[in-house]
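Reading through the structure tokens given below for one structure.
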Amino acid sequence: FIMLVIVCNAVILLLDHYDPSPQFLLMFSIADYAFGSVYLFEMLVKMIALGLFNRSGYFSVKRNIFDFIVVVAVVVGWAIPVGNITVSTA
């Protein structure tokens, strides 16, 4: 399942282009939150299932450390406003 999510996320990222419409920016923002939420959920489930710092815990695998850094960067990105996205129907 997670590999399908990663591929879909990559496709969405490939759609980014110069001077996007406000509707595209809104869709891009929604996709960012959706994919980031899936990654955050996966990380939290793995942390609960494996434990954190024990011998076979979450942080004992380098790939999990990388995933942790990426997810933290995504969450920090959510907290920092980049711009004002408004969609006008007029």
Side-chain angles (χ1 to χ4, degrees):
F1 171 75
I2 198 68
M3 288 304 291
L4 178 64
V5 172
I6 291 169
V7 169
C8 291
N9 191 7
V11 169
I12 295 293
L13 290 173
L14 286 171
L15 296 175
D16 194 14
H17 59 281
Y18 176 74
D19 197 24
S21 69
Q23 291 83 5
F24 178 83
L25 289 175
L26 178 63
M27 185 273 308
F28 201 76
S29 178
I30 291 170
D32 179 48
Y33 283 108
F35 289 120
S37 297
V38 170
Y39 299 142
L40 178 62
F41 179 73
E42 181 216 9
M43 181 187 75
L44 293 174
V45 167
K46 284 176 80 173
M47 284 178 164
I48 292 168
L50 299 174
L52 294 180
F53 298 106
N54 55 357
R55 187 169 173 82
S56 62
Y58 183 82
F59 288 109
S60 66
V61 178
K62 290 181 181 175
R63 179 182 62 231
N64 289 340
I65 296 169
F66 175 75
D67 287 346
F68 176 79
I69 292 168
V70 170
V71 170
V72 167
V74 167
V75 172
V76 168
W78 291 344
I80 300 172
V82 175
N84 187 12
I85 298 173
T86 59
V87 176
S88 173
T89 57

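As the structure is a prediction and not an experimental result, all values here were calculated from the model.
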Please lay out, stage by stage, how Val38 and Ile2 fare under the test side chain to side chain contact (heavy atoms under 4.5 Å, CB included).
CA-CA 8 Å; Val38 170; Ile2 198 68; 3.9 Å; yes
Apply side chain to side chain contact (heavy atoms under 4.5 Å, CB included) to the pair Val61 and Leu50, showing each step before the final yes or no.
CA-CA 11 Å; Val61 178; Leu50 299 174; 6.0 Å; no
Could you walk me through whether Tyr58 and Ile48 satisfy the side chain to side chain contact (heavy atoms under 4.5 Å, CB included) test, starting with their C-alpha distance in whole Å, then the side-chain angles of each, then the deciding distance to 0.1 Å, before giving a yes or no?
CA-CA 9 Å; Tyr58 183 82; Ile48 292 168; over 6 Å; no
How far apart are the C-alpha atoms of Phe24 and Asp16, what are their side-chain angles, what is the distance that settles it, and do they pass the side chain to side chain contact (heavy atoms under 4.5 Å, CB included) test?
CA-CA 9 Å; Phe24 178 83; Asp16 194 14; 4.0 Å; yes
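The other members of the hydrophobic cluster of Val45, by chain and number, are Phe41 (side-chain heavy atoms under 4.5 Å, ILVMFWY only).
Partners of Tyr39 by side chain to side chain donor-acceptor pair (under 3.5 Å), not counting sequence neighbours, listed by chain and number: Asn9.
With Val72 as the partner, the side chain to side chain contact (heavy atoms under 4.5 Å, CB included) test is satisfied by one option alone out of Ile69, Val70, Val76, Val75: Val76.
When all heavy atoms are compared, the tightest approach of Ala31 to Ile12 is CB-CG2, 4.0 Å. A pairwise comparison of heavy atoms in Ser60 and Gly57 identifies OG-O, 2.6 Å as the closest pair.
Once rounded to the nearest 0.5 Å, the distance linking NZ of Lys62 with CG of Asn64 reads 12.5 Å.
Under the 30°/60° scheme for interplanar angles, the aromatic rings of Phe68 and Phe59 are found to stand perpendicular.
Under the 3.5 Å distance criterion, the side-chain polar atoms of Ser29 are left unmatched by any main-chain donor or acceptor of Leu25.
A single hydrophobic cluster is seen to contain both Leu40 and Ile80, as judged by linkage of ILVMFWY side chains at heavy-atom distances under 4.5 Å, directly or through other members. In the hydrophobic clustering of this structure, Phe28 groups with Leu15; members are Ile, Leu, Val, Met, Phe, Trp, Tyr whose side-chain heavy atoms approach within less than 4.5 Å, directly or through other members. Grouping the Ile, Leu, Val, Met, Phe, Trp and Tyr side chains by contacts below 4.5 angstrom, directly or via other members, places Leu14 apart from Ile30. Met3 and Phe1 fall within a single hydrophobic cluster, where Ile, Leu, Val, Met, Phe, Trp and Tyr are joined by side-chain heavy atoms under 4.5 Å apart, directly or via other members.
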